[in-house]
Peer 1: 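Have a look at this one before I ask anything.
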Amino acid sequence: MKKKGIISFSIICFLISTMYVKAQKSIYLDVNQPIEKRIENALSLMTLDEKVAMCHAQSKFSSKGVPRLGIPEVWTDDGPHGIREEVYWDKWSGAGWTNDSCTAFPALTCLAASFNTKLALNYGNAIGEEARYRNKNVLLGPGVNIYRTPLNGRNFEYMGEDPYLSSRIVVPYVLGVQQNGVAACVKHFALNNQEEKRMSINVKVSDRALREIYLPAFKAAVEEGKAWSIMGSYNQLRGEHCCHNDLLLNKILKNEWKFDGVVISDWGGVYNTNQSVNNGLDLEMGTSTNGLTTTGDLPYSEYYFANPFLKGLKSGKYNEQILNDKVSRILRLIFRTTMSANRPFGKFVSPEHSETARRIAEDGIVLLKNENEFFPIMVGKYKKIAIIGENATRSLVIGGGSSSLKAAYEVSPLQGLIKKYGKEHIVYSQGYKSGKSEYGQELTSEFNTDSLMNAAVETAKNADLVLFVGGLNKNHFQDAEGGDRKTFELSFGQNKLITALLKVNKNMAIILCSGNAVSMPWVNEVPAIIQSWYLGSEAGNAIANVLSGDVNPSGKLPFSFPKKLNENAAHSFGQLSYPGDGINVEYKEDILVGYRWFDTKKIAPLFAFGHGLSYTTFKYSKISTDKSNYDKDESVKLTFILKNTGKVTGAEAAQIYISDEKSTVLRPIKELKAFSKVLLESSDSKLIEVNLPIKEWAFFNDKTQKWDVEPGKFTILVGSSSDDIRQEISIQVN
Ligand code: BGC
C-alpha cells in the first residue's frame, strides 16, 4: 500500500515536472508573454549551429528560422515604392509568379515633396499591407540618404536634401509599415550619397555634418519611428565599411540611440568576419559566393557569418554572448512580426491602395513655373493637344535597380491625358527614344533621332497646345542604382528637341518625370514647367488631374535645383568632393548642403528648396510668439495667419525656418524647423500654431561632441519656400 503510494507520488511529480518543462519550453510560443521573455526562452533552447544559421541569408531575400522549434524564416523584400516580385532562390531574376504584381506607389522624392505627414503614414500603411499580404516580414525601405548631388543615381528613392523634412516624413512611413507586423528596414546607413564607386568609396565627413545633415532622419526613424531594422550601406566611413562600422553601428546606433532591432547588411556589403562580429552587424545578406547557382547549404555556409563565425565561436575566438545579442535581435524582429498575435492580414492591390498612390502623387507634383496662368488647362479649352516625349508612354516603374517593380498596372501620362481631355483632342509623337532599361548597362535605342524629332515638330506645329513629357528615366546612368548620372543635362537629345518644338509652337509646357534636378537651358522660353517625379501606378491620372485643375498642385521641392552643376555645393570643390579620387570622397561643403549652401553663399538657385506654386495664392500675416525671451529648454509657441487669397481651394505647405543671428561657428542662413500643410478654401484663413522646441535649434559641437544652443538672438522665418519668406520675428534665447 505504502509502496503504491510512493509510486503514484513519483508519477505525479514526474507529470508535474514534464508539464513544467513543457510550459517552460513553450514560453517563446506564447504570444501573451513579454517579448524579452520569449527571446530568452527561445535562445535557451537553441543550439550553436541553429543560432549561427539565423545570422546569414539562406536565399537571395530570406534567412533561416529554427525549423525544429517552429520559428519561421525571415523574408525580406524591396521596397521602398512597392513590393518587388518574387525572384528565384539564388538569382536576381523574376521567378515568373503570377500573383505578385503590386501597386506601384510614387517614389519617395514625391512623398517628401508632398510635405504631408498624414500621407506618409498612409503610404507606410498601404505598402505595409502589401508586404504583409505577400508574407514578407521585412520591407527593405524607406531610404533616407541625403540629396548631396543631382548626379546621384538613387536620389529618387530618398527624401531630399533636408534632414528635418526627411525626419518628419520617415517617421510616419515607418510607423505605417510596422503597424502591419512588417519591419521597416531604413536604408542605407549611412552616407551612401553617390552610386559612383559605392561599394568601396571612403567618405570623409566632419562629425558636425554627420550629425546635423546625414544622420537625423535615421535617428528619427529609430527613436521616434521605432524602426525594427536598419540596413548598412555599401560605402566606407573613416576606413571601415558601413555594414561593419563600429562608430555607426555600435557607438551611435546601438549605444546612443538604443536601437534594439536588426542591423542587416546591404546585399554584398560585408567584407570581414571579425569586424562584422564585433562592430554591430546582425544579419548578413547578399554576399557573393561561388556556389550561388547551386542549391543546398553549401554557398550560404561560406558567408562571413556562417562557417567562419561558427569556427570562431567554437575555438573561443568569439564569445557566445555576442552571438546571443545578434540572435536576440533577430528573434525580437520575428516576435514583432510573424510570431506576433497582433499581426493583421494585409491587402494587395486594393482600390484603397490605388487611391493612396494617386493622392500622394497629386500632393507631391510640383508646379515650378506658371506664367500667365498657363495651367490649369480646362477640359474643352483646346481642340488639338500635342503630347510629345517618351515619358508620356514609357514605363517608369520598371528599371532603376532594386526598386524596380512588376506593377499590376501603370496609367501612363498619355493614357491619363486621353482619359481627361478625350481621345479626339490628343495627338502623340514620341520625339526621342532611349534604350531598354537594363541593370548596370546603358543600352542605346535603335531608333533614328532625327526622324523622331522631325515627326514631333510636325505634330507640334499643327497643335493648339504642346505638352512635352520628358525628363530622366530608370536606365543606367539616369535615375538608377549602381551608377551616377554622367551629366546634368537631359539626355537622348531632349534639349535639342525642346528648342525645335519651341520654334514652331510657343504654347508649350514641360512636364519633367525625374527624381533629380536637371539643367533647363530653355527655362525662360517656356511658360510653364511641372516637376512630376516617378508617380507609380496612378501617374497618368494624377498628372491629368493636376493639369486640368481638378486637383490644385501643392507639392514643394524637397531639394534645390541649381542653375549650373558647379553651383551645387558638392560640385564646388572639385573632384575630391565629388565623385572623389576613386578611394576617398571628401564632403568639403560640410554642413552647407542644398539650400544651406545657396543661401549662405548667396547663389540664386534655379528653383529653391521648398518652392512650389499653386493655382491660388496665399497670404501670411500676424506672426507672433508667446514670449520674446526663452530659456534653452523651452519651446516657442509661434502663431501666424494663413489666408487663401485666390479663387480656388488649395493647400499650402507653410515652412518655418530659424536663423541664428550670431554664432561662434558658421551656421547656415536658415534651417527648416517645422512645416504645416493646410488646406484652405478660397477666402478662408486659419490661425496656424507651431511649437518650436529651442533645443532643436542646436548645432553639433565637434569639439565637445555635444549639441549646443548659444544664447542670443534668433529669427524665425515663415514662408512659402526657402527663398520666399513672408514673415519674420526675432526672439532672445538666454
Ligand atoms: C540595394 C538595396 C536593396 C538590396 C536588395 C542592394 O543592391 O542597395 O537597397 O534593398 O540590393 O535588393
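In each ligand, atom 1 is the first atom listed, and ligand 1 is the first ligand listed. Note that the numbering runs from 1 along the sequence shown for the chain.
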Peer 1: Looking at atom 11 (O) of ligand 1, what's its closest protein heavy atom, distance included?
Peer 2: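 Answer for atom 11 (O) of ligand 1: Asp266 OD1, 3.6 Å.
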Peer 1: Look at Arg198 together with Glu195 and state whether they make a salt bridge at an N to O cut-off of under 4.0 Å.
Peer 2: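 Here Arg198 pairs with Glu195 in a salt bridge, since their nearest N and O are under 4.0 Å apart.
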Peer 1: Is it the side chain (CB and beyond), the backbone, both or neither of Tyr439 that lies under 4.0 Å from ligand 1, heavy atoms counted?
Peer 2: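 Near ligand 1, Tyr439 shows nothing, with every heavy atom at 4.0 Å or more.
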Peer 1: Going by the closest heavy atom to atom 9 (O) of ligand 1, which one wins out of His188, Lys60, Glu157?
Peer 2: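 Among His188, Lys60, Glu157, the closest heavy atom to atom 9 (O) of ligand 1 belongs to His188.
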Peer 1: Identify, for atom 3 (C) of ligand 1, the protein heavy atom at the shortest distance, and state residue, atom and that distance.
Peer 2: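 Ranked first by proximity to atom 3 (C) of ligand 1 is Asp78 OD1, 3.2 Å.
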Peer 1: Taking only heavy atoms of Ser402, which atoms of ligand 1 are found under 4.0 Å from at least one of them?
Peer 2: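 Here the atoms of ligand 1 in question are 1 (C), 2 (C), 3 (C), 9 (O), 12 (O).
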Peer 1: Using a 6.0 Å distance limit plus a 45 degree cone around the ring axis, check whether Arg168 lies over the aromatic ring of Tyr164.
Peer 2: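 Cation-pi check for Arg168 and Tyr164: passes.
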Peer 1: Applying the salt bridge (charged side-chain N to carboxylate O under 4.0 Å, His left out) criterion to Glu86, which one of Lys136, Lys406, Lys91 satisfies it?
Peer 2: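 Answer to the salt bridge (charged side-chain N to carboxylate O under 4.0 Å, His left out) test with Glu86 among Lys136, Lys406, Lys91: Lys136.
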Peer 1: Test the Arg148-Tyr578 pair against the cation-pi criterion, namely NZ or CZ under 6.0 angstrom from the six-membered ring centroid and within 45° of the ring axis.
Peer 2: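 Because its charged atom misses either the 6.0 Å distance or the 45° angle limit, Arg148 does not stack over Tyr578.
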Peer 1: Ion pair present between Asp246 and Arg238, side-chain N to carboxylate O less than 4.0 angstrom?
Peer 2: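 No, this pair does not count.
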Peer 1: Strictly under 4.0 Å, does any heavy atom of Met285 approach an atom of ligand 1?
Peer 2: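 Met285 does not count as a contact of ligand 1 under the 4.0 Å cut-off.
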Peer 1: One residue to check: Arg198. Relative to ligand 1, which of side chain, backbone, both or neither has a non-hydrogen atom less than 4.0 Å away?
Peer 2: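 The answer is the side chain.
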Peer 1: Relative to the heavy atoms of Lys187, which atoms of ligand 1 are at a distance of less than 4.0 Å?
Peer 2: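 Near Lys187, the atoms of ligand 1 are 2 (C), 3 (C), 9 (O), 10 (O).
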Peer 1: Are Asp282 and Arg332 within salt-bridge range, i.e. N to O under 4.0 Å?
Peer 2: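 No, Asp282 and Arg332 are not salt-bridged.
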Peer 1: Can you list the atoms of ligand 1 that are under 4.0 Å from a heavy atom of Glu481?
Peer 2: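 Per the distance check, 1 (C), 6 (C), 7 (O), 8 (O).
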Peer 1: Under 4.0 Å from any heavy atom of Leu140, which atoms of ligand 1 are there?
Peer 2: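 Listed by number with element, the hits are 10 (O).
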Peer 1: Minimum heavy-atom separation for Ala104 to Ala357, with atom names?
Peer 2: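 Result for this residue pair: O-CB, 4.1 Å.
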Peer 1: Can you give me the closest heavy-atom contact between Asp484 and Gly153, atom names plus distance?
Peer 2: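 That would be OD1-N, 3.1 Å.
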Peer 1: Check each atom of ligand 1 against the heavy atoms of Arg154 and keep those under 4.0 Å away; list them by number with element.
Peer 2: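 Here the atoms of ligand 1 in question are 1 (C), 2 (C), 8 (O), 9 (O).
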Peer 1: Is the closest N or O pair between Trp92 and ligand 1 shorter than 3.5 Å?
Peer 2: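 N/O-N/O distance below 3.5 Å does not exist for this pair.
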Peer 1: If the cut-off is 4.0 Å to any non-hydrogen atom of Arg84, which atoms of ligand 1 fall inside it?
Peer 2: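 Once the distances to Arg84 are compared, the set is 12 (O).
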Peer 1: For ligand 1, find out whether one of its N or O atoms is nearer than 3.5 Å to an N or O atom of Trp267.
Peer 2: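 Min N/O separation from ligand 1 is not below 3.5 Å for Trp267.
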Peer 1: Can you tell me if Glu161 and Ser560 form a side-chain donor-acceptor pair at under 3.5 Å?
Peer 2: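 Result is yes, a qualifying pair exists.
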